[in-house]
Amino acid sequence: MSQNHYRPRDIEDKWQARWLARNAFAADNGDARPKYYVLEMFPYPSGNFHMGHVRNYSIGDVVARVRRMQGFNVLHPMGWDAFGLPAENAAIKNRTHPAAWTYANIASMRAQLRRLGYSYDWSREIATCRPEYYRFEQLFFLRLLRKGLVYRKKAPQNWCPSCHTVLANEQVVDGLCWRCESRVTQKDLTQWFVKITAYGDELLNDLALLEEGWPERVIAMQRNWIGRSTGASVKFPLERPVGGAREIEVFTTRPDTLYGVTFMTLAPEHALAEPLAEACERAAEIRAFAERIRGMDRLDRQADTLEKEGVFTGAYALHPLTGERVPLWLGNFVLADYGTGAVMGVPAHDQRDFDFARKYRLPVRAVISPAGEPPASMEAAFTGEGRMVNSGRFDGMESAPGREAVARFLEEQGKGRAAVQFRLRDWNISRQRYWGAPIPVVYCDRCGLVPEREERLPVVLPLDVTTRHDGRSPLPGAEDFVNCLCPSCGGEARRETDTMDTFVESSWYFARYTDARNADAPFDERALRYWLPVDQYIGGVEHAILHLLYARFFTKALRDLGFFPPEISEPFARLLTQGMVLKDGGKMSKSRGNVVAPTEMMDRYGADTVRLFCLFAAPPERDFDWSDSGIEGSSRFLHRVWRLFAEEKGRILPLGACGAAAGDAINDDARDLRRKEHLAVKKAGEDMGRF
RNA sequence: GCGAGAGUGGCGGAACAGGCAGACGCACCGGACUUAGGCUCCGGCGGUUCACACCGUGGGGGUUCAACUCCCCCCUCUCGCACCA
């Protein structure tokens, strides 16, 4: 019996045991072969894999195995993105500890991965919740702090009431928490920020290096998110000083339209909104407007159906070039956190300003003439380029040179300058949660804020705490942790109890794999030089901005801190964003009751069938619908392959039998078979060519 | 509105670089094996047609000996962004 029957469990158990015993896929840092680093985005140890993971890792495993067969020294590691909120929530629910829950899940998921037969180098496995890992993250934090790339500030922050923590801008999707989809509110808090904006230009410009290897849409999304605009900042002197201010600064991308300014609009959150109200006899009306707009739900306020409205403050600024009086308004459409929170109103050449001017009967002055003829009457703003008119000394200039000329003139007059604005904001990395890497600073009554000393790292997250049922962090109540000695004066001090955003851990893990067991330093420079960048990175498109932007930033920052060699500026040379595994046209989810568990499928068909189907069902970057009858086909296919080999075994010549030595002994059938084999190998090689 | 991607049998999808459209799989049909088959194996399977043949890759034009593939115009769908001044 049975050799003719395909028995996946027997085959897989046998080989997996052998691979494990020999650590068969260990990569060698000192190897002379060309290197190839293939990496799949590491998982959060939730307890179970879903089909999306299986698809992701199966794609990566094919790349790794093909590259090995092609003679490359392949690094294909795996680890665990192990800090994070679900562990705390599960701990509360199951009356356990986040660490216990996390490590148990890692053990079970590691076993699942081995059963799936992936060719990982297990000797490099990492878990980000271990002090051996996050101690280096704390080191990076201290160095970034020293360099001014980490700072503390109080500002309105995205607050998720359900997760009891702040969120970075990147973690707010359509006004909802990226993890639990609760509505995000605003809260004034003092938080730690990473100055990602200092790298805005480089993050944008280096996208050009990724054009070959990254999907265009991911590049477009990053470009969009960074949102660089060039233009000018312009100072409008106030007719009378208000709240200690003598002028209001605005940013504009169209300094060529400066002579068309007929009003100015401030966000209701602008620092001068209240002083302006105070100075006006209609103070109550202005305050009521500002408060109403400020109190609006973020989502509603950003709706594109929202009508523009505003209120006149009674005050005037003076046009920097003509000296004309420019009325100051508050407006609901001006964003407080972009630019200066104030804009100049050019109704003739900006649709928003046009709408606003129509509603409040403000004058419209055309200063850009499209192709000669100025329009007799305007139904809409003319936002295109043209020739400057009614613009004093600049009359007759084209828009593009006009923009530069106006900016230059403003600068000469001390009334402004050429300027660049980013949409990208600094990254808030403080989290008011327990299960994360402690931020290594202390607060001392005498010395103030003091960084922990590097030789005292890691600041270990205490494990002997009891999780609170209200979801709040137990750290502030953990006295042994909080009470400490000041690294500077040795007096009594208190530790920071916020932890770091888990996206900090995932921003550098790919580099740690190159030297994962190094206890003295985060990396070995030779190992980094040899392995980086990752040649092929694979993961879901949901990280197009979040993780992929942070990791790109970290790579540049670590380079400038001297941790990375200077030639490493981008972490991932090629990126594949794999499609989702759907069921019945939608996401698999517990609530829909349509989850197909990989373990069940492996029990029924074996790991190879599950992997084969995940690869076969659709091209890697496209979504596909899970099909129960489809996987039957993959299973039948493997059965056929096995049976064919088993039945023909006696007639199949050993490898090499086709060589010259065997000569004419080979019959036509064998020759034909060997030819087919080579054609198949060639085809497979060509199909893998894109990697 | 802006950006990206996709439209090919009943379905998922092939077709490298302009050269036999529909590989492979699912479903379906016929046959074999079988007490039975929901297992397995063999064969068939774009449309019209008895056949010859003709038509056929979202629609319309074009280039070419030859177009799913290249060019122009249009339609539909998916995803991302969107009052960023």
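Only heavy atoms go into these numbers, but all of them, side chains included; no hydrogens, no water, no symmetry mates.
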Open item on the list: Suppose we screen for side chain to side chain donor-acceptor pair (under 3.5 Å). Which residues come up paired with A:Glu216, at least two apart in sequence or across chains?
Closed with: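 Side chain to side chain donor-acceptor pair (under 3.5 Å) check on A:Glu216 returns nothing, list empty.
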Take atom [atom1] of [X] and atom [atom2] of [N], then tell me their distance rounded to the nearest Å.
X: A:Arg403; N: B:A85; atom1: CZ; atom2: C1'; result: 13 Å
X: A:Met580; N: B:U78; atom1: CE; atom2: C1'; result: 11 Å
X: A:Trp642; N: B:U40; atom1: CH2; atom2: P; result: 18 Å
X: A:Gln351; N: B:C2; atom1: CD; atom2: P; result: 14 Å
X: A:His543; N: B:C79; atom1: NE2; atom2: P; result: 19 Å
X: A:Tyr605; N: B:C39; atom1: OH; atom2: P; result: 11 Å
X: A:Met296; N: B:C83; atom1: CE; atom2: C1'; result: 13 Å
X: A:Ile226; N: B:G3; atom1: CD1; atom2: C1'; result: 15 Å

Open item on the list: Per the salt bridge (Lys or Arg N to Asp or Glu O under 4.0 Å) rule, what does the pair list look like for residues 418-427 of chain A, sequence neighbours excluded?
Closed with: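 As it turns out, the salt bridge (Lys or Arg N to Asp or Glu O under 4.0 Å) pairs with a partner in residues 418-427 of chain A, which skip direct neighbours, are A:Asp337-A:Arg425.
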Task: Residue pairs, two or more places apart or on separate chains, that pass salt bridge (Lys or Arg N to Asp or Glu O under 4.0 Å) and touch residues 201-215 of chain A - done: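 Matches after skipping sequence neighbours: A:Asp201-A:Arg228, A:Glu202-A:Lys556, A:Glu202-A:Arg559, A:Asp206-A:Lys556.
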Can you check the distance between [N] and [M], where both ends of the measurement are the [atom1] atom (answer in whole Å)?
N: B:U69; M: B:G18; atom1: C1'; result: 7 Å
N: B:A27; M: B:C11; atom1: P; result: 15 Å
N: B:A67; M: B:U57; atom1: P; result: 11 Å
N: B:U48; M: B:C41; atom1: P; result: 30 Å
N: B:C68; M: B:A21; atom1: P; result: 8 Å
N: B:C54; M: B:C16; atom1: C1'; result: 31 Å
N: B:C20; M: B:A15; atom1: P; result: 13 Å
N: B:C70; M: B:G19; atom1: P; result: 11 Å

Of all residues at least two apart in sequence or in a different chain, which pass the side chain to side chain contact (heavy atoms under 4.5 Å, CB included) check with [X]?
X: A:His50; answer: A:His53
X: A:Ala342; answer: A:Ile248, A:Val250, A:Leu266, A:His270, A:Thr340
X: A:Val218; answer: A:Trp214, A:Pro215, A:Val541, A:Ala544, A:Leu548, A:Leu575, A:Thr577
X: A:Ser627; answer: A:Phe613, A:Ser629

- [ ] For A:Lys153, check salt bridge (Lys or Arg N to Asp or Glu O under 4.0 Å) against everything at least two apart and list the hits.
- [x] none
Expected rows: protein N/O vs nucleotides 22-30 of chain B N/O, under 3.5 Å:
unit_1	atom_1	unit_2	atom_2	d
B:G25	OP1	A:Arg640	NH2	3.1
B:C26	OP1	A:Arg636	NE	3.1
B:C26	OP1	A:Arg636	NH2	2.5
B:C26	O2'	A:Ser629	OG	3.0

TODO: Please tell me which of A:Ala618 and A:Gly227 maps to the more 5' nucleotide of RNA chain B, matching each residue to the nucleotide holding its nearest heavy atom.
DONE: A:Ala618
TODO: Assign each of A:Arg425 and A:Asp625 to its nearest nucleotide of RNA chain B by heavy atoms, then name whichever residue's nucleotide is nearer the 5' end.
DONE: A:Asp625
Open item on the list: Under 4.0 Å, heavy atoms only, any strand: does A:Val541 hit a base, just the sugar-phosphate, or nothing?
Closed with: nothing
Between [Y] and [X], does any NZ, NE, NH1 or NH2 come within less than 4.0 Å of an OD or OE carboxylate oxygen?
X: A:Lys415; Y: A:Glu247; answer: no
X: A:Glu309; Y: A:Arg292; answer: yes
X: A:Arg67; Y: A:Asp535; answer: no

Open item on the list: Under 4.0 Å, heavy atom to any atom of RNA chain B: which of residues 216-224 of chain A qualify?
Closed with: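 Correct list: A:Glu216, A:Arg217, A:Ala220, A:Met221, A:Asn224.
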TODO: Let me have RNA chain B in dot-bracket notation, would you? Count Watson-Crick plus G-U wobble pairs, both distances under 3.5 Å, and use [ ] for pairs crossing earlier ones and | for inter-strand partners.
DONE: (((((((..(((......[....))).(((((.......))))).(((....)))..(((((..]....))))))))))))....
Task: ring pair (Phe, Tyr, Trp, His ring centres under 6.0 Å) partners for A:Phe422, two or more places apart - done: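 Residues passing ring pair (Phe, Tyr, Trp, His ring centres under 6.0 Å) with A:Phe422: none at all.
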Open item on the list: Tell me if B:G9 is syn or anti. Syn = glycosidic torsion within 90° of 0, anti otherwise.
Closed with: syn
Open item on the list: Using OP1 and OP2 only, check whether a side-chain N or O of A:Arg423 sits under 4.0 Å from B:A85.
Closed with: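 For B:A85, neither OP1 nor OP2 has a side-chain N or O of A:Arg423 closer than 4.0 Å.
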TODO: Check whether any side-chain nitrogen or oxygen of A:Arg643 sits under 4.0 Å from OP1 or OP2 of B:C41, and answer yes or no.
DONE: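 For A:Arg643, the contact criterion (side-chain N or O under 4.0 Å from OP1 or OP2 of B:C41) is met.
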TODO: Please confirm whether A:Phe409 and A:Phe394 have ring centers closer than 6.0 angstrom.
DONE: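 Ring-ring flag for A:Phe409/A:Phe394: true, centres closer than 6.0 Å.
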